Each structure stands twice: as C-alpha cells, then as structure tokens.
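Note sheet for the following structure.
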Amino acid sequence: MAVSGTDVQYAKELLCSNELVVIPTETVYGLAGNALNPEAVATIYEVKNRPSFNPLIIHTDRLEKVTNYVSSVPRVAQQLANAFWPGPLTILLPKTDALPDIVTAGSDRVAVRIPQHPLTLSLLKELDFPLAAPSANPFGYISPTTVTHVEAQLGDKINYILDGGSCSVGIESTIVGVKNDGIEVYRWGGISLENIKAVVPNVQTYVSQTEEAPSAPGMLKSHYAPSKKVIIGNLTELLGQYPPSEVGIISFQNIFPQVPENQQCVLSASGNLNEAARELFSSLRQLDSLAIKVILAELVPNYGLGRAINDRLARASA
Ligand code: TXA
Ligand code: MG
C-alpha cells in the first residue's frame, strides 16, 4: 500500500529524484512526475497502462515558469488563463523543443494547467520544473476523487500520495485550444460553456469533433468507464425492464422506492449541478463495487457542469 500524507517536502524530494507522486487537484487526483525527465514521464504511461499516443497535461503554478516550453500564448488563451487560473481549465498551447516529445505524444501543442489546490500549489511553487500528470487511474477507468480511490487501483505501484481530501470540483478540467481566434473545446469539465462565454462573449466556441489521436483520447467514445455495464435512459422506464435487485441507479434528484437504498446514488437531491459533478465518480465506483448486473443512469440538465456530467455518463455507457 502506498504511503499517504501531507508532506510537501517529501513529495518534492521524490519528484526531484524523478519518482512519481500522486497529487490532489480540485478536479481529480493526478499521477505526477517531472515533465522534463523522459524516464519519469515514461513511468507515468507505464503505471497507468496508458497508450503512448495519449498526451499528458503539464501543471505549474505560474505561466512564466513554462515560457521555455510554450512558444506563444494567443490573446484569447491569455484572457481565459487570467479568468480561470488557478482552476479547472486546460489550455493547448504551441510547444517548443525544450519539452520532451513524450509528454505531448508527438503533438506540436502542449496542454497546460494551473490547478487550484493549496497543497499542490505549494508543491508546484517549490519546483523548478512542471509536473506532467494524467488522472491517477488505470487507463479507461473512472478518475479518482479521493485517496481511497487512488489506493484501490494504484496503491501498490506508487510511493507517495499527497492527501488533499476529496476533490472539490470532482470532474476533470475543461480542455480548450485556440483556432482561428475561435475556442475549440476538446473535453467539457470544471469550466462550463457559460463560464467561458462570460469572459469572451464575442469569441466563437465549438466542440471538437475529432475522435482520433492525438487530439484528446479523453474524447474516445468509451472512457471513464466502470466495469459494469451502464445504461442511460428514463429511469422509470428502465426499471420496468430490469429486476430491481439486480440494478444500481444513478439518479439526479429522485429516490426510487422499488430499488434497495444502498443500490441508489442520488447526485444532488436539491438539483445542484456542482454537487452532482462532485458526487458522480464516487457514485459510479460505489455501484461498480456491488453485486449487481447493471448500472442505470439518467442524464442531468445539459447546461453548466451538466454538460461535463452528461459527457462522462455517455462515455461510461459506450
Ligand atoms: O483535471 C484534469 O485535467 C486532470 C488533473 C490531474 O489535472 N488531469 C487529467 O489528465 O484529466 P488526463 O491525462 O487523464 O486527461 C487529459 C486529456 C487526455 O484526454 C489527453 O488526450 C488530452 O487531455 N490532452 C493532453 N495533451 C494534449 C494535447 N497536446 N493535445 C490534445 N489533447 C491533449
Ligand atoms: Mg484521465
């Protein structure tokens, strides 16, 4: 079992010796290593069992610290960075040769993020290199939002988990790139379309349709998936088709009296999408651990963080 704690100095020592450390962020826990050391980055791919075509996000506490690795910052990107960093937004920027190609899987853009978590920010402040960090889960599975989640799957493969408690946003960052002055969204996450529109109202925003490497394998149709089958639809109708004893339920607000209580996860009784995002991954994991046959889920309203929640549910069911 991995050791966990809040020792930033110990985490720093490990990272400076090119070993991996799991770090908390406001979105999900990340499996971090020195982005400038190709061996450390290779170990990240290996521990996650991640295909080598899938690039990594680099994390820093100040944009100035990564100027060597980024050749330019478009005006729109700078506006978004000013508004949302530190926070759950990842921006694709043109990369320089100073950053090892293994980080970006050969792409000419690098994904950059300043996360919003006090423990991780204090660690990043201490480092003179950025941290490459994908979500700390085996490739294709649900991202971890607690130390227990991390331990359950990667516990025997890592030295140290920096314990930052439960992730406050609970769903991964929104990934954007700037193209012809428009904003191309590669993954919906903790920053919503409405958040972006409030900052750059006159910039066109569109969702990337590519499903090919290396644009964003977080866009692969099947991803973020539990091992049980997930079916999305109208819960009342679906419950007419499956014996209640054999199902787990992810509902937005309502309880279904015909299903045993421990087999139901209500994302937010009050209908709060931020709370629902925070609960989503724990709920999927909890139901995945039960002796049930199938997980039935309903979509949530498709605005705010609802877009990211619906995106993850769709991929979990693909
Ligand atoms: O919230 C988050 O973003 C978390 C925390 C730890 O920061 N990280 C995370 O990383 O979710 P990961 O690797 O699990 O997902 C990052 C996504 C992947 O789908 C990857 O394909 C995409 O970002 N990505 C990374 N670099 C890219 C690039 N240069 N071009 C296109 N997509 C990229
Ligand atoms: Mg991931």
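We count residues from 1, following the sequence as given. Order of listing sets the numbers, starting from 1, for every ligand and every atom in it. Keep in mind the model is a prediction, meaning the values are calculated, not measured.
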Practice item. Spell out, as yes or no, whether a donor-acceptor pair under 3.5 Å connects the side chain of E194 to the backbone of G304. Key: yes

Check your understanding: Hey, what do you get for CG (L20) to CG (L14), rounding to the nearest 0.5 Å?
Key -> 9.5 Å

Check your understanding: More than 12 foreign heavy atoms under 6.0 Å from CG of N302: is that the case here?
Key -> yes

Review point. Should the proximity of R50 to ligand 1, defined as any heavy atom under 4.0 Å, be assigned to the side chain, the backbone, both, or neither?
Key: side chain

Practice item. Check whether any N, O or S atom of S135 sits under 2.8 Å from the Mg ion (ligand 2). Key: yes

Check your understanding: For atom 8 (N) of ligand 1, which candidate among G190, A133, G30, S173 provides the closest heavy atom?
Key -> A133

Point to revise | Trace of the side-chain contact (heavy atoms from CB on, under 4.5 Å) decision for D7 with L162 | key: CA-CA 7 Å; D7 191 341; L162 206 48; 5.6 Å; no

Review point. To which of I58, T27, T120 does the heavy atom nearest atom 1 (O) of ligand 1 belong?
Key: T27

Point to revise | Proximal atoms of ligand 1 relative to V28 (non-hydrogen, under 4.0 Å) | key: 4 (C), 6 (C)

Check your understanding: Between D311 and R307, does at least one N-O distance fall below 4.0 Å, as a salt bridge requires?
Key -> no

**Study point:** Interfacing atoms of ligand 1 (cut-off 4.0 Å, heavy-atom, S135)
**Key:** 8 (N), 9 (C), 10 (O), 12 (P), 14 (O)

Review point. Which ligand 1 atoms does P55 reach within 4.0 Å, using its non-hydrogen atoms?
Key: 20 (C), 21 (O), 24 (N), 25 (C), 26 (N), 27 (C), 28 (C), 33 (C)

Practice item. Could you check Y242 against L296 for side-chain contact (heavy atoms from CB on, under 4.5 Å), going step by step and ending with a plain yes or no? Key: CA-CA 9 Å; Y242 296 89; L296 307 179; 4.1 Å; yes

Point to revise | Separation between CD of E279 and CD1 of I171, rounded to the nearest 0.5 Å | key: 12.0 Å

Check your understanding: Pick from L123, L124, N37: which one makes a side-chain contact (heavy atoms from CB on, under 4.5 Å) with L15?
Key -> L123

Exercise for review: Return yes or no for this condition: an N or O of E172 is under 3.5 Å from an N or O of ligand 1.
Suggested key: no

Review point. Hey, which atoms in ligand 1 end up nearer than 4.0 Å to a heavy atom of N54?
Key: 18 (C), 20 (C), 21 (O)

Check your understanding: With only distance considered, is R109 within less than 3.5 Å of ligand 1 through an N or O on each side?
Key -> yes

Check your understanding: What part of I175, side chain from CB on, backbone N/CA/C/O, both or neither, has a heavy atom under 4.0 Å from ligand 1?
Key -> side chain

